Amino acid sequence: MHRLVGELEKLIAAELTHPSLAAPIEAGIVGASAYLAQEYVAAESLDITVRDHGPVAASEALRIAVQLASGLDFGALAGIAHGALHPRDVMLSSDEARLTGIGIARALEQVDIVFPMRRPYTAPERMAASSWDRRADIFGLAAVTHEMLWGRRITAIGAQAAEALTRLPGSDPDRLRHVFGRALAEDPLARYEPALEFAQELRHAFP
């Protein structure tokens, strides 16, 4: 437990102060439990938003994708990836999106605790218990963005996921298929990097 707290304190030391991240601020032990406190975010999680209201308007989804990508890239510059992105980690208010949980999956791995796999958002290399890096977050971001735009989860990866896409008003279908096919590729080396490249390419799919 003390080793885990040490790993969590590394997240705090990284000073993840970014408008799209809920920064870790304190770690410790209470009773028999280790904890990590993050900045409080007064907002609703993305999974609740999609469940209650359906797909997010394309313009709004693009704004959110850019904000999340910016936060992920900021973390990556500090050597910290999320690794377990899920709609529950995305907190939405009227004008901003903030990401919680960055760095926790890696911190747990460092003390030989396996972070639960969060299907279908977890990248294939993590599902296979292989080594992973920031490109796992490109897959997760694409899966979350797909849910925002279509109101449903991905059911395949790579080219199969791309072929399953249905047309969205105002979009370029061929470009959408290319963007999601690449971002959801099974091979992490075939994905976008950095995350903002994915978000920018996605914006071009809505001319």
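Model, not experiment: these values are computed from the prediction.
A donor and an acceptor atom, one from each side chain of Thr100 and Gln38, are nowhere located under 3.5 Å apart. For the residue pair Arg106 / Gln110, no side-chain donor-acceptor distance below 3.5 Å is found, with atom types taken as modelled. Arg135 and Tyr192 share no donor-acceptor pair across their side chains, judged by distance under 3.5 Å alone.
Residues Pro24 and Leu16 meet the side-chain proximity criterion, which asks for heavy atoms closer than 4.5 Å. You'll find the side chain of Arg88 reaches within 4.5 Å of the side chain of Arg118, heavy atoms only. A 4.5 Å side-chain heavy-atom check between Arg153 and Val50 finds every atom pair outside the cut-off. You'll find the side chain of His82 reaches within 4.5 Å of the side chain of Asp89, heavy atoms only. Counting heavy atoms from C-beta outward, His86 and Val144 have side chains that stay 4.5 Å or more apart.
Within a 6.0 Å sphere centred on NE2 of His2, other residues, nucleotides and ligands contribute 12 heavy atoms or fewer.
In the hydrophobic clustering of ILVMFWY residues, with side-chain heavy atoms under 4.5 Å counting as a link, Ile138 and Leu196 come out apart.
With Asp172 contributing its side chain and Phe206 its backbone, the two residues share no donor-acceptor pair below 3.5 Å. Ser70 places no side-chain N or O within donor-acceptor distance of the main-chain N or O of Val66, the cut-off being under 3.5 Å.
Between Phe180 and Trp150, the gap from one ring centroid to the other is short of 6.0 Å.
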Salt bridge (charged side-chain N to carboxylate O under 4.0 Å, His left out) between Arg191 and Asp137, worked out: CA-CA 10 Å; Arg191 296 178 203 144; Asp137 288 336; over 6 Å; no

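Ion pairing between Glu109 and Arg126 holds under the 4.0 Å rule for side-chain N and carboxylate O.
A salt bridge (Lys or Arg N to Asp or Glu O under 4.0 Å) with Arg182 is found for one member of Glu193, Glu197, Glu201 and no other, namely Glu197.
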